[in-house]
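FYI, the numbering just counts along the sequence from 1.
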Amino acid sequence: MPFMFKKVLKLLFIILFISFLNMALAQRKHSQLPSFLLKSYFEVNLGLINYPFSQAHLEEGFTFHSLKVPPIAVRLVLFGYQFNKSFSARISYMRPVAWLKYHYTVDELTFDHLLDLQVWMNYASLNLKYEHALNMKLSLFAEGGYSIVTRNGYTGWYGTVVKSTKFNTVQLGAGLSYHMNKKWELQLSGVFTPKNKKEKQPYTSFVSAGFTYRLEAYTEKQLEKIKDTNRIHPKQLIQFGFSSNTLGYGMNNFLEKSYLFWGGDAEVNHGFSFTYQRNIFYSPKFFSMDWGTSLSFWKSDLKKESFFTFSVFPVLRFTFLRTKKTDAYLFYAVAGPTFISRVIIDEIDTGGHFTFQDNMGIGLFFGEQRKYNAEIRIGHYSNGNILPKNPGIKVPLTFNLGFTF
């Protein structure tokens with residue numbers, strides 16, 4: 001039954017994604033937000049998490065001595081879609097800011113040989129939310145749905161201390177919302193996932209405060225302002241890219257240490273990519289959004305193993321400089337669902353064939369009609385901890401050349 005449910009869930013996700021993409025591509029006024037975004041919202045919640053781990057959750061042969069449970073956690077609604085005033089669907093991600101830490105001993109070693117172990121846990125959920133208005137400002141809500149819990153434990157030369165696992169469960173929640181205006185809401189909420197005896201996982205509770213942000217359509221006056229700028233906004237873009245670690249991974253490492261991007265234990269030596277992007281929205285001044293798809297071929301750094309990736313992704317572009325013949329921009333393409341052909345890369349288990357693509361870089365559209373494009377970017381693949389193994393893959397500097405039409 002869980003296997004069939006996962007298949008149905010994946011099919012529904014694909015259908016929804018294609019439907020949203022079709023609506024976006026059918027949008028006539030690219031200066032207006034796509035219709036599916038006008039019904040969407042995003043949430044950030046910060047609060048306290050509790051999961052009562054104990055000796056019972058260690059494998060046989062290990063003794064629990066102390067336990068540190070950092071209480072601060074974050075829950076993000078990465079995408080919410082409002083069907084009507086009462087019902088919405090939400091994709092959420094929850095994790096502690098710092099990981100659970102065991103202090104334990106091994107039976108075969110002396111009693112004073114204490115070891116530390118971090119246990120990583122993440123919760124990815126697809127929920128339905130029902131909201132009941134109390135008055136113009138306040139409303140109560142309840143939510144519930146399907147959740148994937150992943151736990152990255154630890155196995156050493158002396159055996160498995162805490163088992164790594166992934167399992168399906170339910171997530172239930174409720175809360176109170178205060179509607180500040182059409183765009184912003186404040187809320188108090190709590191969510192709960194039950195314990196799983198088979199996987200030695202205790203229940204999880206999370207109470208938090210947070211906010212919701214809803215997108216709103218541009219007015220006709222704002223749309224006329226966009227039209228009057230006479231700026232050129234390329235509709236479609238094709239790029240050819242070459243990646244190489246000849247210059248090292250300095251930019252990747254710098255941005256990782258700055259907490260602006262991610263690194264990875266597995267590393268790409270070189271590769272080639274083909275990318276197609278289509279614009280779905282642009283604002284009066286700086287911001288635009290594309291949907292994109294890419295096919296890339298890679299060689300790993302150590303063993304020169306070949307693998308390929310196929311991705312679909314959103315692109316967020318911020319144009320910071322406009323001249324008569326050139327537009328310069330920064331861009332961020334994040335959380336693009338990806339198929340990766342190889343799981344074990346340079347003897348590193350990357351988790352599974354499903355992962356996410358992230359790219360970050362700088363680029364130019366040039367020529368009087370902005371027909372040409374050049375970009376420099378770095379990349380990253382990881383599964384967002386929805387699988388127990390998630391070491392990440394680091395993609396070095398990639399140089400892209402493209403044309404628009």
Side-chain angles (χ1 to χ4, degrees), residues 234 237-277 288-321 326-342 345-346 348 350 355-367 370-384 390-404:
L237 170 65
I238 288 179
Q239 294 175 317
F240 301 91
F242 172 69
S243 306
S244 174
N245 69 350
T246 302
L247 299 178
Y249 304 96
M251 185 57 67
N252 303 71
N253 297 336
F254 172 76
L255 291 174
E256 181 184 4
K257 290 178 181 178
S258 303
Y259 301 100
L260 297 175
F261 202 65
W262 301 273
D265 294 340
E267 296 177 339
V268 165
N269 180 276
H270 66 273
F272 302 89
S273 59
F274 171 80
T275 302
Y276 168 79
Q277 293 176 202
S288 64
M289 180 177 179
D290 290 8
W291 283 116
T293 183
S294 65
L295 178 63
S296 304
F297 300 89
W298 309 106
K299 285 280 189 181
S300 67
D301 190 43
L302 295 180
K303 292 196 167 186
K304 304 300 185 290
E305 294 171 330
S306 299
F307 62 99
F308 73 87
T309 54
F310 177 75
S311 307
V312 179
F313 52 89
V315 181
L316 309 179
R317 185 177 292 114
F318 305 88
T319 302
F320 62 88
L321 177 66
T326 303
D327 293 340
Y329 61 87
L330 299 170
F331 76 94
Y332 205 2
V334 63
T338 296
F339 171 81
I340 183 168
S341 64
R342 181 183 288 271
I345 299 173
D346 289 345
I348 297 172
T350 62
T355 189
F356 295 101
Q357 174 188 273
D358 302 296
N359 287 318
M360 181 181 186
I362 188 170
L364 292 172
F365 289 113
F366 55 96
R370 306 302 188 265
K371 290 293 185 182
Y372 308 104
N373 172 259
E375 273 185 4
I376 300 175
R377 72 182 186 216
I378 58 171
H380 166 84
Y381 292 100
S382 67
N383 58 54
N390 185 35
I393 302 169
K394 186 185 300 183
V395 180
L397 288 173
T398 299
F399 304 89
N400 290 314
L401 291 176
F403 62 91
T404 68

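No donor-acceptor distance shorter than 3.5 angstrom exists from the side chain of Asn400 to the backbone of Gln239, with no hydrogens or angles considered. Judged by distance alone, with hydrogens and angles left aside, the side-chain atoms of Asn373 form a donor-acceptor pair with the main-chain N or O of Leu364 at under 3.5 Å. The backbone N or O of Ser300 sits nowhere less than 3.5 Å from a side-chain atom of Asn269 that would complete a donor-acceptor pair. Side-chain atoms of Thr293 come within 3.5 Å of backbone atoms of Ser311 as a donor-acceptor pair (strictly under, hydrogens ignored). Although no hydrogens or angles enter the test, the distance criterion places no donor-acceptor pair under 3.5 Å between the side chain of Ser382 and the main chain of Asn390.
Here CD1 of Ile362 is found 4.0 Å from CZ of Phe320. Values are rounded to the nearest 0.5 Å. Rounding to the nearest 0.5 Å places CG of Leu295 at 15.5 Å from OH of Tyr276. Taking CZ of Phe308 as the reference point, atom OG of Ser341 lies at 4.5 Å (rounded to 0.5 Å). Taken from CD in Gln357 to OG1 in Thr309, the straight-line distance is 6.0 Å, to the nearest 0.5 Å. Note that the OG1 atom of Thr398 and the CG atom of Asn359 stand 7.0 Å from one another [nearest 0.5 Å]. Asp301 contributes atom CG, which lies 10.5 Å from atom NE2 of His270 (distance to the nearest 0.5 angstrom).
Not less than 6.0 angstrom separates the ring centroid of Tyr329 from the ring centroid of Phe318.
Not counting sequence neighbours, Phe297 has no partner by the ring pair (Phe, Tyr, Trp, His ring centres under 6.0 Å) test. In this view, Tyr332 satisfies the ring pair (Phe, Tyr, Trp, His ring centres under 6.0 Å) rule with no residue, not counting sequence neighbours.
A 4.5 Å side-chain heavy-atom check between Trp298 and Val395 finds at least one atom pair inside the cut-off. Residues Leu401 and Phe240 are not in side-chain contact: their nearest non-hydrogen atoms beyond the backbone lie 4.5 Å or more apart. Residues Thr355 and Thr350 form no side-chain contact, since every pair of their non-hydrogen atoms from C-beta on lies 4.5 Å or further apart. Residues Phe261 and Val334 are not in side-chain contact: their nearest non-hydrogen atoms beyond the backbone lie 4.5 Å or more apart. For the pair Phe310 and Ser294, the minimum side-chain heavy-atom distance is 4.5 Å or more. Taking the side chain as every heavy atom from C-beta outward, Leu316 and Met289 approach each other to under 4.5 Å. Annotation: side chain of Ile376 is in contact with side chain of Leu397 (closest heavy-atom distance under 4.5 Å). For the pair Phe365 and Arg317, the minimum side-chain heavy-atom distance is below 4.5 Å.
The minimum heavy-atom distance linking Ser306 with Lys299 is given by the pair OG-NZ, 2.8 Å. Nearest heavy atom pair, residue Val268 against residue Tyr249, reads O-OH, 2.8 Å. Counting all heavy atoms, side chain and backbone alike, Ala374 lies closest to Phe366 at N-CE2, 4.0 Å. Ala333 and Phe313 make their closest contact through CB-CD1, 4.0 Å (heavy atoms, listed as atom of the first residue, atom of the second, distance). Across every non-hydrogen atom of Arg377 and Ser273, the tightest pair is NH2-OG, 3.5 Å.
Between the side chains of Tyr381 and Thr338, no donor-acceptor pair of N or O atoms lies under 3.5 Å.
Lys257 NZ: 12 or fewer foreign heavy atoms inside a 6.0 Å radius. Counting heavy-atom neighbours within 6.0 Å of Phe339 CZ, excluding the residue itself, gives a total above 12.
For residues 394-403, every residue pair satisfying the salt bridge (Lys or Arg N to Asp or Glu O under 4.0 Å) rule, not counting sequence neighbours, is listed here: Glu267-Lys394.
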